[in-house]
Amino acid sequence: MLNINEQRLLSDLKELSEIGKTSAGGVNRPALSELDVETRNWFKTKATEAGLTIDQDGAGNLTATLPANNPDAKVLLAGSHLDSVPNGGRFDGPVGVLSALESLRTIKESDLDLPVHLRCISFTDEEGSWSSLIGSRAFIGEITAQDLTQVRGGVAAFDEALARIDCTRETVLQAKCDPSDYVGFVEVHIEQGTRLEQQQLNIGVVDEIVGIQWYWLKFLGEAAHSGTMPMADRKDANWGASLFVQRAKDIVKNDFFPGVLNCGQAQFKPGAFNIVPAEVELALELRHGSKEKLDQMEQIILDVAKSSAAEFELDLEVKPVSKVPPAPMSEHVISNIEKAASGLGLSNTRLMSFAGHDTQSLSAIMPASMFFVPSVNGISHNPKEFTHEEDVVNAGNVMLNSLINLAQNIT
Ligand SMILES: [Zn+2]
């Protein structure tokens with residue numbers, strides 16, 4: 001089996017980590033910032049030096065292509081993102097882009113004649129500094145003019161930021177690719193969790209990316225004097241909300257493993273030491289990789305909200321905020337990644353991804369999957385994020401051999 005140039009991959013990662021480097025050892029490269037522009041220029045230079053062809057689409061997604069001998073060949077795509085969350089880590093995203101870039105360089109230097117154009121892609125704003133997965137959603141044609149007016153930070157700032165990479169909201173809307181040009185997509189990413197580390201496994205091949213549902217739940221009671229209103233006569237909105245959180249947590253833990261639930265925000269009204277809460281608004285999030293289980297979970301959890309409210313004679317209002325369906329990964333791509341990992345002698349397992357990734361966008365229009373390498377202590381979106389060098393090298397080698405396998409097994 002072919003191997004990447006380990007030192008070249010590690011030194012790329014080191015060099016890239018200098019751009020937007022923070023004193024805590026991480027990087028700060030929010031999408032479309034000056035530092036993101038510097039990162040993009042760095043990537044273009046590296047790819048040009050490797051003899052690859054650089055392009056940028058209307059959404060600012062950057063690609064580096066190694067063309068096949070046959071000009072009519074289709075494209076096999078691989079990549080991730082180079083932007084970071086504010087004060088983030090060095091590995092989240094770059095491991096994927098640089099593994100893909102290094103794979104293309106290695107294949108270019110070898111005598112392999114593959115029947116596909118190989119393309120490395122770095123997607124714009126995966127982390128959602130403006131709106132999540134802008135680049136990959138634009139790439140699959142799933143972004144609307146309205147989405148682009150609801151960006152974080154406001155439209156004026158967004159327009160100004162897009163101008164830094166010679167894009168406009170109009171060009172973002174025109175970035176849709178032609179799916180018939182592509183045979184598949186592969187991404188490698190750090191796990192951002194502890195499952196691989198705990199099981200001492202090298203590679204996790206993702207078979208599902210979770211669906212995510214968000215709701216506002218409003219428990220409605222009656223404000224009252226907290227001293228003079230007898231306990232027996234209260235309609236305390238928080239009693240219903242708290243009961244709900246405890247019950248819902250147990251149900252998800254016991255009956256919907258490995259699904260997860262979070263109530264990450266609560267607003268009390270009127271909100272004072274001495275007033276019985278009239279209203280508690282809870283932010284509810286549900287995640288599961290199986291559509292069937294997520295639908296079941298939704299129904300049961302919303303029923304529990306209703307019964308928890310009823311127990312204290314409260315009313316309940318449910319406001320759905322957003323629903324992202326689970327994204328099943330392609331069995332064809334999964335099995336070719338597994339073949340690459342096993343061929344390299346690396347232990348591997350199948351995992352659900354609990355975080356969103358560009359692969360979930362891509363999976364809507366072409367065969368796609370991704371794989372994880374371990375994150376130390378699962379730390380991520382944090383300057384302490386760390387992945388051992390040998391795992392970064394494994395990312396590169398599994399990517400390289402997955403691409404070769406897929407190129408030689410076009411369905
Ligand atoms: Zn990421």
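Atoms within each ligand, like the ligands themselves, are counted from 1 in listed order. Since we're looking at a predicted model, the values are computed, not measured.
- Between the side chains of Asn202 and Ser347, at least one donor N or O sits under 3.5 Å from an acceptor N or O.
- Within a 6.0 Å radius of CD in Glu49, more than 12 heavy atoms belonging to other residues, nucleotides or ligands are found.
- The Zn ion (ligand 1) lies closest to atom OD1 when only the N/O/S atoms of Asp92 are considered.
- Under the 3.5 Å distance criterion, the side-chain polar atoms of Glu281 are left unmatched by any main-chain donor or acceptor of Leu217.
- Note on His189: counted as a metal contact of the Zn ion (ligand 1), an N/O/S atom lying under 2.8 Å.
- Note on ring orientation: taking the six-membered ring where Trp is involved, the planes of Phe244 and Phe219 are tilted (angle from 30° to 60°).
- His81 contributes NE2 as its N, O or S atom closest to the Zn ion (ligand 1).
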